[in-house]
Structure formats: structure tokens, C-alpha cells
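Here is the naming used below: chain letters follow the sequence lines, and residue numbers restart at 1 for every chain.
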Amino acid sequence: MKQKLALCLQQAVLAAQQQGTLVTMPPEVIIEHPQNPGHGDFASGLALKLARSMKMSPLAVAHKISEYLSLPPEIDKVSVVSPGFINFTLRDEWLKEQVETILNAGESYGNLDLGKGSLVQVEFVSANPTGPLHVGHGRGAVLGSTLTNILAAAGYLVEKEYYVNNMGAQIDNFTRSLYARYQQCLGREVTMPSEGYLGNYMIDLAQEIVSEYGNKLLNLPQEEAITKISEIGLEKMMAGIKEDLRLLRVDFERWFSERSLYEEGQYNKAMAILQGGGYVAKRENAIWFESTSLGEDKDNVLVRSDGSPTYFASDIAYHYNKFMERRFHTVINIWGADHQGHIPRMKAAIRALGIDPEQLKIITYQLVTLRRGEEIVKLSKRSGDIISLREVIDEVGVDACRFIFLSRSADSQMDFDIELAKRQSVENPVYYVQYAHARIASILRLAEQRVIDYSQGDVSLLSTEPELTLIRRLILLPESMEDIATTLQPHYLPYYAQDLATAFHSFYKQCRVISQNEALTKARLKLVKASQIVLAKTLHLMGMTAPEKM
RNA sequence: GCCCCUGUAGCUCAGUGGAUAGAGCACUGGCCUCCGGAGCCAGGUGCAAGGGUUCAAGUCCCUUCAGGGGCGCCA
């Protein structure tokens, strides 16, 4: 609709030009929603922009443009208002028909063809399997899963992936820590590695291994024992992470192993390309990626002086695989703000591989501070004292967790106060929205009990202000989805859900649905059903449940 | 020191260069013969500070202040 109106305005200006009444063209026509409903459904400040170069008053320009406007059938009227806005109001009849449109579309209402089937990979969470997930990972998980829901509904072929970092210094550290704990469990006096993982979960993990394997691993040669224990530990850690994510309703098409990049040759191939491009140099016994030649402020190590590749080298190989082997058109990585410094060198590496850096989109989200009232809970895995994501989910509930994570923009830091989240469980926006859905379900149940067949309901009877306001809200869903798919910022969705719920509650209060008036009852039941479809869709996009009863 | 993010109502946060800056929580009043009162309606205070660009700035640019993150042969 916005595009349609923008086009109309453009054509009007063009027509005016041909008649010689207007001369310049604006760079682009922006259509917005006026905040004041009295100003109609859409508005454009086009005339204000043109006025200066026209040497005319904005109002005069607006009037001139409106003279040449040929309106689409959806629009009822156009008005020109001081200081020069052109406002459009939707036709009531068209609005009412949208109820039928929604009913016919059902769950697919709002789906778009923006992506035209292009392949998009979204990689998120990807936490090291060296400890349980914490709330920060939860934020990334919810962000990623919601975004992928929307991209899929917007016509992209989306693949969700978790990158498993199963090698490198932190994994060695994890392994040594676990081996030490394992030996301690069996009564040996060994000390933990200096920078080791000190959390209690490591002791639990060691005990679990003891109960399954006894002291069998103790009798192996140390190197063999460490390899074995690493394998067992990582597998158990990953199983826990998968379970946490499942509870949060986050799933992945693929769990991609970092190690496989070395076993299956992507690492060698990617390095060969960098070498061929002349981006690689050996210095101080290490191998460097010369990102400075691509405008970076410093070079980065690919292979350490001890011969082991860095995380950065792995990541280059990984992206080689994503783009060159798996042919994703767009790759979206969702990272915590602590990885922000990794972005420029990754972009540089992508360019060195011969890929357009625009195809790699990186979303960073600011870190989460977990607190319980006034008390701040630190999230460091290594120091040990953490509250896991699972504990938070158990305490607060999945729906509330998801909603809270979603309703802040990724750019802003967030305090997650467990006490507050729980307290709000009774009276907060999460339940406000779900309550609207339960209420709708209840009305529809009653209609069913009374055997009211509203399939022939006449939507043209929906004419009061609350009904039309509700419809206006309903039809904003596709536009919201488009905005989110374009900006990759899903935090608008919970706000939309609240506005929709408000419009419904208000309608419910003012308009009796099931009444003596049979025709009106059927028409309103159609509207109620359409509201259910849109509300449920919104909740499902957010990964939340749409309860029939509460 | 350099780079990134943030600063909006008492609190938690929205706000695509446009018209009177919004929502939830908290606080105060109303509203249940009838479909779910976990609801509806009403009530007020605010864009960190200072410059600039623009017909128009919470939004763009610069400076200062404050908070968070980064600047590893960690990931």
C-alpha cells in the first residue's frame, strides 16, 4: 500500500511536470503513518520537500500535486493540510473486505515474497561447549529464532545453524579442567589449571563421567585419557546446550563442527585463496592475514607460532564453506557485543575470498546484565558462579523470557531482573497479549456451542469505530513483517502484538459479539476469527504459545 | 589513547528527518443484569549538556559528560 501511494504521488508529480506546473522531482517519496489518526492512514511530506526548489509555499505545492493524483481504489479521500502534508484515508469498504482476506489466507496471512526463495543462512548462539548457556546466549537465541521465523515467512529459504567450537585454546582448557576434576573425584590430589573452568557444573560433569566410566579413564595413558575425556565432556555439554535451547523453543537445521573444516579440507582451500591473493605473510614464526592491505588498522594471526590455527582462521574457512561451497546468498551472523571487534577483520577476510562483504550481515546484540533485585549476577563461565539460562527459564517461563528478550532492540543493553520478570508474570504485556487470544478463543467456543455458522457473515456490517480500528491494526501485520525482514530488527513485533491486543480488548468492551442481532453476530464473529488468526500468527512468529484458555 | 553501542516519564523500554514524543509497570479515580475484570475508560511528569545542518531534529553532524563492550599467537 505504501509503495502504491508512493507511486501515485510520483506519477502525479510527473503529470504536473508535463503540464509545466511543477518542475523538480524529489529524490524519493516517503509514505508514513501519521501518529494522529485524525490525519488519516497514510501521509506524505513530499510537498514540504519540494517547496523550496519550487519557490512556492508547501501548501500550494501539495494542492497542485493532489490535483494530478489518480487514486487507487483502496483510498477514500485525500486531504491537504497545513503546513503541506498530503493525507490519505482508507476506504471503509476496502477495510471490511480485509477481514475476508485474512480469513481466506489463514495462517499464511502476512506472508511475503520479499526473499523470492533466496538462500539465507542464519548462524546464532554458537556458544563454546565449555559451559552451560546463560541469559546472554538466551537473548541471541531468541533474537535469531524470531528473525528466522520472519525471514522464512517473508519468502526466504532460511537455514539455521549453530557453529560448534570444538577445538582451540578454550577447549584445551576445558579438557584439562575436566580431567583434573575427574581425577579429583577419584581421590587424586591434582590442582586445577590456572585459568581453568572453576564452575560447579564441571564437578557435576566429572562425577557423571565417573558414574558412567568409573576409573577406566584413569588407567589409560594420559594423552589418550585426555582425548577420550574431551570427547565425552564436549558431547555431554552439547547435549545440555541442545536441551536448553529446545526448552527455549529454539532449533537448528544443522550443528556445524569447527573441526570438520580441517578434516574436510575447507581450511586448506580457504588459506590457498588468501595466499593466492597475496594476503598472507609469515612473521615471527606465525602466519598472518595482512588485513592492513585491505584498510584495516592491524594484521591478524592465522596460524600461531606453535602451528595451531586461530579461531579467526577457522572462521574464514567456515565462511568460505558458507559462501563458496554451500552457496548461501546471504549469511547473517548474530554475535554478542563482545565479538564486535571481530567484525571488521571478518569483513576484510570475506573480501579477500572474493565475496561481496554486503552478503555478510552481522547483527550484534548488547550484553545482558542478570540481576535479582539489586544484586547483580556475573556471567563469567570461567570464574564459575553463574546462573544458567535453564534456571532463568524454569523460574520465569519460556513465553515471558522470549517476550522480554524480544522487546528490547539489540543495540541497547539490557538488565534482566529475574525478580521483576517473575513479578510481571502476573500482570505484564506477555499475558496481556495472550489473554486477548484466550478471550477470542472463548468467544469462538461459545459460538460453537450455540452452533452459530458464521461462514456467510456479511463483513460490510462492521461499521463502528472500534471495529474499523481493530481492522486497521490487523492489516498492519504484513507491513511490520516487511520492516523486520528488511531491517533485521524483530523488536518491533512485541509492540505490535500489544497494540493489536489493545485494539481487540477495546473492541470487545464496546461491541457485544454474540447478541440477538443474528446478522451482526455473524459479521463480528468473522472479525473475531480474523483477529485470532493475526494474533496467533504474531505470537507464533515470536515463538510464543497462543493459549485457548489461561 | 583509539573503535563500537547506549543515555527519552519514578522504573523497564519503544519511537522509519515531519504534525500534540508513546507503551508497560508503579500511583489515583471511575466501569461488572449479558461473550473471560489477567479487561475497559480517565488522570502527568521526560528527549544527558552545548553547538551545528534543515522549511522541519529525540532522530543527521561536531564537542563534552555518563554507562557498557572491544582494541590477544582467547573465542
Could you check whether [X] gets within reach of a base, just the sugar-phosphate, or nothing at all, counting any heavy atom under 4.0 Å?
{"X": "Asn36(A)", "value": "base"}
{"X": "His505(A)", "value": "sugar-phosphate"}
{"X": "Ser506(A)", "value": "sugar-phosphate"}
{"X": "Asp483(A)", "value": "nothing"}
{"X": "Gln510(A)", "value": "nothing"}
{"X": "Glu258(A)", "value": "nothing"}
{"X": "Asn87(A)", "value": "base"}
{"X": "Lys549(A)", "value": "base"}
{"X": "Ser442(A)", "value": "base"}
{"X": "Gln366(A)", "value": "base"}
{"X": "Ala436(A)", "value": "nothing"}
{"X": "Ile514(A)", "value": "base"}
{"X": "Gly45(A)", "value": "base"}
{"X": "Ala43(A)", "value": "base"}

Go through it in stages, so that I can follow the logic: the residues are Thr486(A) and Glu482(A), the test is side-chain hydrogen bond (donor to acceptor under 3.5 Å, both in side chains), and I'd like the CA-CA distance, side-chain angles, deciding distance and then a yes or no. CA-CA 6 Å; Thr486(A) 309; Glu482(A) 181 172 348; 5.1 Å; no
Which listed nucleotide ([options]) is nearest to the side chain of [X]?
{"X": "Gln413(A)", "options": "rC13(B), rA19(B), rG67(B)", "answer": "rG67(B)"}
{"X": "Arg439(A)", "options": "rC73(B), rG36(B), rG24(B)", "answer": "rG36(B)"}
{"X": "Asp411(A)", "options": "rC5(B), rC74(B), rG24(B)", "answer": "rC5(B)"}

Which value, in whole Å, describes the distance between the [atom1] atoms of nucleotides [N] and [M]?
{"N": "rA23(B)", "M": "rC55(B)", "atom1": "C1'", "result": "31 Å"}
{"N": "rU20(B)", "M": "rU53(B)", "atom1": "P", "result": "23 Å"}
{"N": "rA19(B)", "M": "rA57(B)", "atom1": "P", "result": "10 Å"}
{"N": "rG58(B)", "M": "rA48(B)", "atom1": "C1'", "result": "12 Å"}
{"N": "rG70(B)", "M": "rU54(B)", "atom1": "P", "result": "40 Å"}
{"N": "rC62(B)", "M": "rU45(B)", "atom1": "C1'", "result": "31 Å"}
{"N": "rA21(B)", "M": "rG36(B)", "atom1": "C1'", "result": "35 Å"}
{"N": "rG37(B)", "M": "rC31(B)", "atom1": "C1'", "result": "10 Å"}

Could you state the CG-C1' distance from Leu302(A) to rC73(B), rounded to the nearest angstrom?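 Going from Leu302(A) (CG) to rC73(B) (C1'), I get 11 Å.
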Base orientation of rC32(B), syn vs anti, 90° cut from 0: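 What rC32(B) shows is a syn base, its glycosidic angle lying within 90° of 0.
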Should the pair Arg439(A) and Phe504(A) be classed as cation-pi, given the thresholds of under 6.0 Å to the six-membered ring centre and 45° from the axis?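 Output no; distance or angle outside limits.
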Honestly, is Arg345(A) close enough over Phe312(A), meaning NZ or CZ under 6.0 Å from the six-membered ring centre and within 45° of the axis?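 Here Arg345(A) passes the 6.0 Å and 45° test against Phe312(A).
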Does [X] put a side-chain nitrogen or oxygen below 4.0 Å from OP1 or OP2 of [N]?
{"X": "Gln340(A)", "N": "rC3(B)", "value": "no"}
{"X": "Ser409(A)", "N": "rC5(B)", "value": "no"}
{"X": "Gln434(A)", "N": "rA38(B)", "value": "no"}
{"X": "Tyr492(A)", "N": "rA23(B)", "value": "no"}
{"X": "Arg304(A)", "N": "rA75(B)", "value": "yes"}

Hey, mind stepping through Tyr267(A) and Tyr320(A) against ring pair (Phe, Tyr, Trp, His ring centres under 6.0 Å) and telling me if it holds? CA-CA 8 Å; Tyr267(A) 171 76; Tyr320(A) 164 83; over 10 Å; no
Residue closer to the 5' end of RNA chain B, Tyr311(A) versus Lys298(A) (nearest nucleotide):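 This one resolves to Lys298(A).
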How about Asn333(A) and His339(A): does a side-chain donor come under 3.5 Å of a side-chain acceptor?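 No, no side-chain donor-acceptor pair sits under 3.5 Å.
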With side-chain contact (heavy atoms from CB on, under 4.5 Å) as the test, pick out the partner of Tyr365(A) among Met414(A), Arg408(A), Arg139(A).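 Single side-chain contact (heavy atoms from CB on, under 4.5 Å) partner of Tyr365(A) among Met414(A), Arg408(A), Arg139(A): Arg139(A).
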State plainly whether the residues Asp415(A) and Arg371(A) are in salt-bridge range, i.e. N to O under 4.0 Å.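 Looking at Arg371(A) together with Asp415(A), the answer is yes, because their closest N to O distance falls below 4.0 Å.
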